[in-house]
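What follows is one structure encoded as structure tokens, with my remarks underneath.
Each chain gets a letter, A, B and so on, in the order the sequences are listed, and its residues count up from 1.
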Protein chains: 2
Amino acid sequence: MESPASPSTGALPYYVAFSQLLGLTVVAMTGAWLGLFRGGIAWESALQFNVHPLCMVIGLVFLQGDALLVYRVFRKEAKRTTKVLHGLLHVLALITALVGLVAVFDYHKKKGYADLYSLHSWCGILVFVLYFVQWLVGFSFFLFPGVSFSLRSRYRPQHIFFGASIFLLCVGTALLGLKEALLFKLGAKYSTFEPEGVLANVLGLLLVSFGVVVLYILTRADWKRPPQAEEQALSMDFKTLTEGDSPSSQ
Amino acid sequence: MESPASPSTGALPYYVAFSQLLGLTVVAMTGAWLGLFRGGIAWESALQFNVHPLCMVIGLVFLQGDALLVYRVFRKEAKRTTKVLHGLLHVLALITALVGLVAVFDYHKKKGYADLYSLHSWCGILVFVLYFVQWLVGFSFFLFPGVSFSLRSRYRPQHIFFGASIFLLCVGTALLGLKEALLFKLGAKYSTFEPEGVLANVLGLLLVSFGVVVLYILTRADWKRPPQAEEQALSMDFKTLTEGDSPSSQ
């Protein structure tokens, strides 16, 4: 009998392509917003602030989203290769985000502005710490050798749930930051449909769309990565060990 | 053999209780914020605006969240009863949100303010329309008689995914609205850790927590509602019809 999953996996590449189109548009549009309305980007000037939104969107939205999709895109490669790629993309996202964080704290310091007073900054710091902890715990469980199969299996659903939640919280935090940047600069002019306001609103909707499409690809049951032959054998061995059956009796 | 789901379902009531504690705290704190720092609530005055955040938080956050949890809480009742309760809670949420929407549009009209210019309002209108469409489609598929079992089964995962996404988008929109209300009133004073700013930031984190806890309860595989005897029989009949096997051969 044909597996019930096989017919509908066909649309997966189109959804992945669409997510990449959305993600790249979000990054390009963040760049366009900063270039057209905020004077561009530089480290050693008042433009240092602008490093922050660009790095956060590239790291904690685009790269993080793509790290989550690795298991849906690389379906037939060895599990370990896919795991390493997943971990590396998250490291890249973390480093990019760290540059973005240093930029804003350094900018605040030079300008004498207060730190961590807004809802955006509270959510941002919280989610950055959670993201780092999630990476450490994920690394210890799944890439560090010696953790038992049963412990990994028990932790896996938690890792997936918190990974998706952290990603969504990053998207939400980006929206809060965008809104903050708009209101601080435009103030009452925001209500006159200034080009910057409209562009930033469209960027906000695209951020939401990227989050929804990544979540859709992640949660569709028939698009989950099928276990490879060697993983099935491992899982079978484990069952044999714990349940005391011989493989032939399965 | 004992079902593998039974041992871990034990913690479900505690998580549900915690979600309710969080949800009620969010509603109470929204009321406290409006009462302590915004002069309270009234329809026929400048306080009409304050009806908006309170109704949206009660309707599109608390009641919508609870509507999603109905299938996890009422696990042994007839499916139809649970469905009707799910649909009714969503109607109540929709009506409450509609009052909140009328309040803000009416307030804007009286004050001569522009409508629908901000990211909060764009997300808000989008998610309200999506919520209404989701309710109509859900009603047509699941409560209106005559839709086939197979069509319902195919639509169910989409309904669940979009339901959860709409709920999360509502939480995100609430955060944007809260931030907008803070920045319009406090402006640069926001950075001096004014009591209103701190209270609203805590409210924002509680909104996020409510969203995460509801999502956790919804997505935990072993907490899904088990099919009741009569539903299993129906599903068996359907399988028999489509696969041409006799029930005894299953």
Side-chain angles (χ1 to χ4, degrees), chain A residues 1 8 108 113-123 126-127 154 157-158 160-162 164-166 168-169 171-180 182-184 186-194 197-198 200-205 207-209 211-213 215-216 218-222, chain B residues 8 108 113-123 126-127 154 157-158 160-162 164-166 168-169 171-180 182-184 186-194 197-198 200-205 207-209 211-213 215-216 218-222 243:
Chain A
M1 203 183 112
S8 42
H108 276 194
Y113 292 162
D115 286 320
L116 299 177
Y117 61 86
S118 74
L119 182 56
H120 165 70
S121 62
W122 288 24
C123 288
L126 176 76
V127 81
R154 279 217 300 277
Q158 314 292 331
I160 295 170
F161 175 79
F162 284 104
S165 301
I166 287 169
L168 292 177
L169 194 51
V171 173
T173 306
L175 295 180
L176 286 176
L178 189 63
K179 183 98 195 191
E180 188 170 289
L182 282 181
L183 284 175
F184 271 138
L186 296 179
K189 278 205 293 180
Y190 192 17
S191 69
T192 60
F193 293 89
E194 290 273 307
V198 175
N201 286 359
V202 174
L203 173 56
L205 291 184
L207 277 163
V208 169
S209 310
V212 171
V213 173
L215 199 68
Y216 185 76
L218 268 185
T219 54
R220 240 184 92 157
D222 51 352
Chain B
S8 42
H108 276 194
Y113 291 163
D115 286 320
L116 298 177
Y117 61 85
S118 74
L119 182 56
H120 165 68
S121 62
W122 287 25
C123 288
L126 176 76
V127 79
R154 279 215 301 277
Q158 314 292 333
I160 294 170
F161 174 78
F162 285 103
S165 301
I166 288 169
L168 292 177
L169 193 51
V171 173
T173 307
L175 295 179
L176 286 176
L178 189 62
K179 183 101 195 187
E180 187 171 289
L182 282 180
L183 284 175
F184 272 137
L186 297 178
K189 278 205 294 178
Y190 192 15
S191 69
T192 60
F193 293 89
E194 289 274 306
V198 176
N201 287 359
V202 174
L203 173 56
L205 292 185
L207 275 163
V208 169
S209 312
V212 172
V213 173
L215 199 68
Y216 185 77
L218 268 186
T219 54
R220 240 184 92 155
D222 52 350
E243 291 172 10

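- Of the atoms belonging to B:L169, it is side-chain heavy atoms, and not backbone ones, that fall under 4.5 Å from chain A.
- Only the backbone of B:L116 comes within contact range of chain A, with at least one heavy atom under 4.5 Å from a heavy atom of that chain.
- In plain terms, the two heavy atoms of A:L178 and A:A200 that are nearest each other are CD2-O, 3.2 Å.
- Looking at B:Q158, only its side chain comes within 4.5 Å of chain A, counting heavy atoms on both sides.
- Interface check for chain B: of the options A:A114, A:G204, A:S118, the most heavy-atom pairs under 4.5 Å are formed by A:S118.
- Nearest heavy atom pair, residue A:L205 against residue B:L119, reads N-CD1, 4.2 Å.
- The minimum heavy-atom distance linking B:A174 with B:L207 is given by the pair CB-CD1, 4.2 Å.
- With a 4.5 Å cut-off on non-hydrogen atoms, B:V171 does not touch chain A at all.
- Nearest heavy atom pair, residue B:L218 against residue B:A164, reads CD1-CB, 4.5 Å.
- The candidate from B:F193, B:Y117, B:W122, B:Y190 with the greatest count of non-hydrogen atom pairs under 4.5 Å with chain A is B:Y117.
- Across all their heavy atoms, A:T192 and A:K189 have their closest contact at OG1-O, 2.6 Å.
- When each of B:F184, B:F162, B:F161 is scored by its heavy-atom pairs under 4.5 Å with chain A, the top score falls to B:F161.
- Counting only heavy atoms from C-beta outward, the side chains of B:L175 and A:L175 never approach each other to under 4.5 Å.
- In this structure, no portion of A:L203 lies under 4.5 Å from any heavy atom of chain B.
- Looking at A:L168 and B:V212, their side chains never come closer than 4.5 Å, going by heavy atoms from C-beta outward.
- Of the atoms belonging to A:T219, it is side-chain heavy atoms, and not backbone ones, that fall under 4.5 Å from chain B.
- For a residue to count as touching a neighbouring chain, one of its non-hydrogen atoms must lie under 4.5 Å from one of that chain's; by this rule B:V208 touches chain A with the side chain only.
- Proximity to chain A is absent for every atom of B:L186, based on heavy atoms less than 4.5 angstrom apart.
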